[in-house]
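Working notes for the structure below.
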Amino acid sequence: MTDPSYLSAIRESYDTVAAAYVQLVKTPAELDPLSRAMLAAFAETVRAAGLGPVADLGCGPGRFTAHLAELGVPAFGIDLSPRMVEQARRAYPGLTFTVGSMTAPDIGDDELGGILAFYSTHHTPPDQLPVVFAQFHRTLAPGGLLMLAGHVGDGQLLRPTEAYGGRPVSYESYLLPPDRIAGLLEGAGFTLTARLVLEPAEGATRTHATFLARKPGRPSPS
């Protein structure tokens with residue numbers, strides 16, 4: 001089956017920028033204190049629940065997968081870009097990284113204790129987000145936790161032609177209002193537990209938001 005054109009554009013673009021991305025994008029330690037705190041809270045909650053591993057969907061070069069592992073959470077990464085997966089495997093040979101799409105991840109129902117989607121859904125057309133969020137809900141165990149973070153806005157559509165040091169890209173970015181993202185998550189069956197909106201830092205233009213959401217229910221006693 002042929003991938004939708006937007007998935008092909010994402011894959012080809014991140015294959016092109018993979019090496020530059022590693023050099024230019026912040027590591028977990030370089031994030032702002034609030035974002036680091038949200039990651040730590042996510043990891044602590046998932047670890048305490050003990051429901052299963054965390055899938056880092058759209059893992060890129062694997063830095064956040066490795067960060068979760070350092071925080072005591074069993075984690076693995078999936079990314080659409082084979083070149084990004086190569087970078088991740090090279091940097092973190094002790095962890096598992098595979099090529100795949102969050103629109104149809106090769107993960108069983110109720111298998112995960114957590115999902116991290118860190119700046120990995122904003123290239124998805126809004127009408128496809130329900131598909132993605134339904135997959136998040138399907139693969140999480142009852143009581144499992146989702147952390148979704150990314151760029152937000154007033155519904156802008158961005159069509160950059162280059163990124164990460166001037167490399168050519170063909171993906172699009174959709175900057176949705178936080179309330180719309182929250183509504184889509186709730187429509188997929190999630191319960192929102194926290195929301196953090198970070199206004200642009202001095203000299204920056206982008207607003208960022210982080211959502212924590214839980215799949216309702218708990219596993220039945222064995």
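Using a 4.5 Å cut-off on side-chain heavy atoms (C-beta onward), Arg63 and Val22 make contact. At least one side-chain heavy atom of Leu157 sits under 4.5 Å from a side-chain heavy atom of Glu172. Annotation: side chain of Val54 is in contact with side chain of Phe42 (closest heavy-atom distance under 4.5 Å). Phe190 is not listed as a side-chain neighbour of Leu148, based on a closest heavy-atom distance of 4.5 Å or more. With a 4.5 Å cut-off on side-chain heavy atoms, Leu192 and Glu186 count as touching. Proximity of Asp106 to Thr98: side-chain heavy atoms (C-beta onward) are nowhere separated by under 4.5 Å. Using a 4.5 Å heavy-atom cutoff, the side chains of Thr210 and Leu34 are not in contact. By the 4.5 Å heavy-atom criterion applied to side chains, Arg167 and Glu162 are not counted as neighbours.
Clustering ILVMFWY residues whenever any of their side-chain heavy atoms sit less than 4.5 angstrom apart, transitively, puts Leu185 in a cluster other than the one holding Leu196. Put simply, Tyr14 and Phe97 are part of two different groups of oily side chains (I, L, V, M, F, W, Y) that touch within less than 4.5 Å, one to the next.
Asp179 and Arg195 are joined by a salt bridge, as a carboxylate oxygen and a charged side-chain nitrogen come within less than 4.0 angstrom of each other.
Across Pro177 and Gly155, no two heavy atoms sit closer than the pair CD-N, 4.0 Å. Smallest separation of non-hydrogen atoms from Thr16 and Pro168: CG2-O, 3.7 Å. Minimum heavy-atom separation, Asp15 to Ser81: OD1-OG, 2.6 Å. Residue Val152 comes nearest to Pro178 through the heavy atom pair CG2-CG, 4.0 Å, listed as atom of the first residue, atom of the second, then distance. The nearest pair of heavy atoms linking Ala188 to Ala134 is CB-N, 4.3 Å. Between Pro200 and Thr207 the shortest heavy-atom distance is CD-OG1, 3.5 Å.
With Thr193 contributing its side chain and Leu212 its backbone, the two residues share a donor-acceptor pair below 3.5 Å. The closest donor-acceptor contact from the side chain of Arg214 to the backbone of Gly144 lies at 3.5 Å or more, if one exists at all. The backbone N or O of Thr65 sits less than 3.5 Å from a side-chain atom of Asp56, completing a donor-acceptor pair. Looking only at distances, a side-chain donor or acceptor of Asp79 sits under 3.5 Å from a matching main-chain atom of Gly60. Glu12 places no side-chain N or O within 3.5 Å of a backbone atom of Ala9 that could act as its donor or acceptor partner. Checked by atom type and distance alone, the side chain of Thr124 never pairs as donor or acceptor with a backbone atom of Leu129 at under 3.5 Å. The closest donor-acceptor contact from the side chain of Arg47 to the backbone of Leu71 lies under 3.5 Å. Lys215 contributes no side-chain N or O that, together with a main-chain N or O of Gly143, makes up a donor-acceptor pair within less than 3.5 Å.
Ring centroids of Tyr171 and His123 are separated by less than 6.0 Å, placing the two rings close together. Taking the six-membered ring for Trp, Tyr119 and His208 have ring centres closer than 6.0 Å.
Under the 30°/60° scheme for interplanar angles, the aromatic rings of His67 and Phe64 are found to stand perpendicular.
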**Request:** Take Ser173 and His151, measure what side chain to side chain contact (heavy atoms under 4.5 Å, CB included) needs, and give me the verdict at the end.
**Result:** CA-CA 9 Å; Ser173 294; His151 307 295; over 6 Å; no
**Request:** Before giving the answer on side chain to side chain contact (heavy atoms under 4.5 Å, CB included), spell out for Gln87 and Arg90 the whole-Å C-alpha distance, their side-chain angles and the decisive distance to 0.1 Å.
**Result:** CA-CA 5 Å; Gln87 295 281 347; Arg90 187 178 304 119; 3.6 Å; yes
**Request:** Apply side chain to side chain contact (heavy atoms under 4.5 Å, CB included) to the pair Leu116 and Leu39, showing each step before the final yes or no.
**Result:** CA-CA 9 Å; Leu116 177 65; Leu39 274 167; 4.1 Å; yes
**Asked** Run the side chain to side chain contact (heavy atoms under 4.5 Å, CB included) check on Leu7 and Leu80 step by step: do they pass?
**Response** CA-CA 8 Å; Leu7 289 179; Leu80 192 60; 3.8 Å; yes
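Taken from CZ in Arg138 to CG in Leu140, the straight-line distance is 10.0 Å, to the nearest 0.5 Å. Taken to the nearest 0.5 Å, the CG atom of Leu175 stands 12.0 Å off from the CZ atom of Arg180. Rounding to the nearest 0.5 angstrom, the gap separating the CG atom in Leu176 from the CG atom in Asp154 is 10.5 Å. From Met147, atom CE reaches atom CG of Leu68 across 8.5 Å, with rounding to the nearest 0.5 Å. One distance of note links CD1 of Ile115 with CD1 of Ile78; it measures 9.0 Å at 0.5 Å rounding. Atom-to-atom distance recorded for Ile107:CD1 and Thr139:OG1 is 5.0 Å, nearest 0.5 angstrom.
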